[in-house]
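Proteins come first, then strands; the chains are lettered A, B, ... in the order of their sequence lines, and each starts at number 1.
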2 protein chains.
Amino acid sequence: MAGPKGSKYYDIFLKFKVWLENTDGESILGDGKFELIDCIDQLGSLKAAADKMGISYRKAWGNVKDAEEKLGFLLVEKHRGGQHGGSSVLTPEGKKLIEAYKELLVEFDEAIYQITKKFFNKVNE
Amino acid sequence: MAGPKGSKYYDIFLKFKVWLENTDGESILGDGKFELIDCIDQLGSLKAAADKMGISYRKAWGNVKDAEEKLGFLLVEKHRGGQHGGSSVLTPEGKKLIEAYKELLVEFDEAIYQITKKFFNKVNE
DNA sequence: AGGCGATATGTTTATATTTGCATATAGAAA
DNA sequence: TTTCTATATGCAAATATAAACATATCGCCT
């Protein structure tokens, strides 16, 4: 969303971000990690998810581990070894979390729309 | 806002951030710079604003300059020299911008409240 | 003319964050 | 018991971001 055509703010956008944080003010997970977890859910593998998101396995693995440590519970159930090397599947908590996050985003987008419109009206008064 | 007492998410919070961005995806100004500009408005000086915010004058000055360059217009009218060394006062555009931003934050907070509540209900189901 | 204090800006040093490299391990199947 | 592939993790290299240092300029006032 940008300001009206011809205004000072025509090609300027209002963006937002939501994330989970702990009491120490540390970021636990934001959109990137949520997306990653969603990919794991869809692909059944951390490696496949990393590839799809265009990030290294090392990074993806570190992201998941970091989030889990800060949350204090597991999001992904990991299996290693076996014919295909291993696999990953979301825990019930992980599943609930991404479901809730998806709904949250939809509601956020709706709320943002009105707020943004008002903002650009005001700066262009 | 956190999850209900005793739940997995008791000491975990949902946070958000809003900022202005240009078409190149560059951040123009977010809460830190908005606050700085607000301080300049209140104190009439970039130096005083920097001191109040606990950042160096160099950094504060760079922040303002960067935002102005990306916006394409001035936020602050700067004067140098004179008995007191100089002063800074917001331009009408700068003033409008921080006013609009303050209102935006209030509305955002309200919207967030409901959304957050729903989110934590869902993950704790 | 000289002092004072805030604006103006280049350069450099430190710190934090991210990315990438290398390597180890598990475990089903051939 | 060898092979294959994803999970697991330490560590080094590369960037990005921020902080610090060093000067220069401007213009009212004495």
Practice item. Write down the distance between CG (A:N63) and P (C:dT17), rounded to a whole number of angstrom. Key: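 Distance check: A:N63 CG to C:dT17 P gives 14 Å.
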Check your understanding: What are the 5'-most and 3'-most nucleotides of DNA chain D lying under 4.0 Å from any heavy atom of chain B?
Key ->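 Using the under 4.0 Å cut-off, the span is D:dA18 to D:dC29.
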Check your understanding: Can we say B:K70 and B:D24 salt-bridge, meaning some charged N sits less than 4.0 Å from an Asp/Glu carboxylate O?
Key ->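 A salt bridge is absent here (no side-chain N lies under 4.0 Å from a carboxylate O).
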Review point. Using 4.0 Å as the upper bound for N to carboxylate O, is an ion pair formed by A:K122 and B:E103?
Key: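 Between A:K122 and B:E103 there is a salt bridge, with a charged N closer than 4.0 Å to a carboxylate O.
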Which residues share a side chain to side chain contact (heavy atoms under 4.5 Å, CB included) with [X], sequence neighbours left out:
X      : answer
A:E110 : A:V106
A:H79  : A:E77, A:S87, A:V89
B:Q83  : none
B:S27  : B:W19

Check your understanding: Nearest 0.5 Å, what's the CG-CG distance between B:L71 and B:L20?
Key ->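 The CG atom of B:L71 sits 7.0 Å away from the CG atom of B:L20.
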Review point. Do side-chain atoms of A:N22 reach the backbone of A:G25 as a donor and acceptor pair under 3.5 angstrom?
Key: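 Yes, because the side chain of A:N22 sits within donor-acceptor range (under 3.5 Å) of the backbone of A:G25.
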Check your understanding: Is there a donor-acceptor pair closer than 3.5 Å between any side-chain N or O of B:E21 and the backbone N or O of A:I12?
Key ->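 Checked: no pair found.
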**Study point:** Ring center gap for A:F73 and B:Y9 short of 6.0 angstrom
**Key:**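 Centroid separation for A:F73 and B:Y9: below 6.0 Å.
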Point to revise | Close aromatic pair by centroid cut-off 6.0 Å: A:F108 and A:F16 | key: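 Ring centroids of A:F108 and A:F16 are less than 6.0 Å from each other.
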Interface polar pairs with nucleotides 9-15 of chain C, N/O, under 3.5 angstrom:
{"unit_1": "C:dG10", "atom_1": "N7", "unit_2": "B:R58", "atom_2": "NH2", "d": "3.2"}
{"unit_1": "C:dG10", "atom_1": "O6", "unit_2": "B:R58", "atom_2": "NE", "d": "2.7"}

**Study point:** DNA chain D contacts made by residues 32-50 of chain A, counting heavy atoms under 4.0 Å
**Key:**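 Residues of residues 32-50 of chain A that come under 4.0 Å of DNA chain D are, in numerical order, A:S45, A:L46, A:K47.
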Point to revise | For DNA chain D, the residues among residues 72-80 of chain A that have a non-hydrogen atom under 4.0 Å from it | key: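 Under 4.0 Å from DNA chain D: A:K78, A:H79, A:R80.
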Exercise for review: Any side-chain hydrogen bond (donor to acceptor under 3.5 Å, both in side chains) involving residues 28-37 of chain A? Give me the pairs, sequence neighbours left out, ordered by first then second residue.
Suggested key: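 As it turns out, the side-chain hydrogen bond (donor to acceptor under 3.5 Å, both in side chains) pairs with a partner in residues 28-37 of chain A, which skip direct neighbours, are A:K33-A:D66.
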Check your understanding: Taking only residues two or more places apart in sequence, or in another chain, which ones meet B:E107 in a side-chain hydrogen bond (donor to acceptor under 3.5 Å, both in side chains)?
Key ->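 If we apply the side-chain hydrogen bond (donor to acceptor under 3.5 Å, both in side chains) test to B:E107, skipping adjacent residues, the hits are A:K118.
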Practice item. Could you list the residues that satisfy ring-ring contact (aromatic ring centres under 6.0 Å, His included) with A:Y101, not counting sequence neighbours? Key: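 Residues passing ring-ring contact (aromatic ring centres under 6.0 Å, His included) with A:Y101: A:F34.
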Review point. Nearest nucleotide by nearest heavy atom, which residue falls closer to the 5' end of DNA chain D, B:I55 or A:G85?
Key: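 Here A:G85 is the residue nearer the 5' end.
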Practice item. Go through the steps to decide whether B:Q42 and B:D38 satisfy the test side chain to side chain donor-acceptor pair (under 3.5 Å), and finish with yes or no. Key: CA-CA 6 Å; B:Q42 286 170 40; B:D38 195 33; 3.1 Å; yes
Could you pull out the protein-nucleic contacts involving nucleotides 28-30 of chain C (nitrogen or oxygen on both sides, under 3.5 Å)?
{"unit_1": "C:dA28", "atom_1": "O4'", "unit_2": "A:Q83", "atom_2": "N", "d": "3.2"}

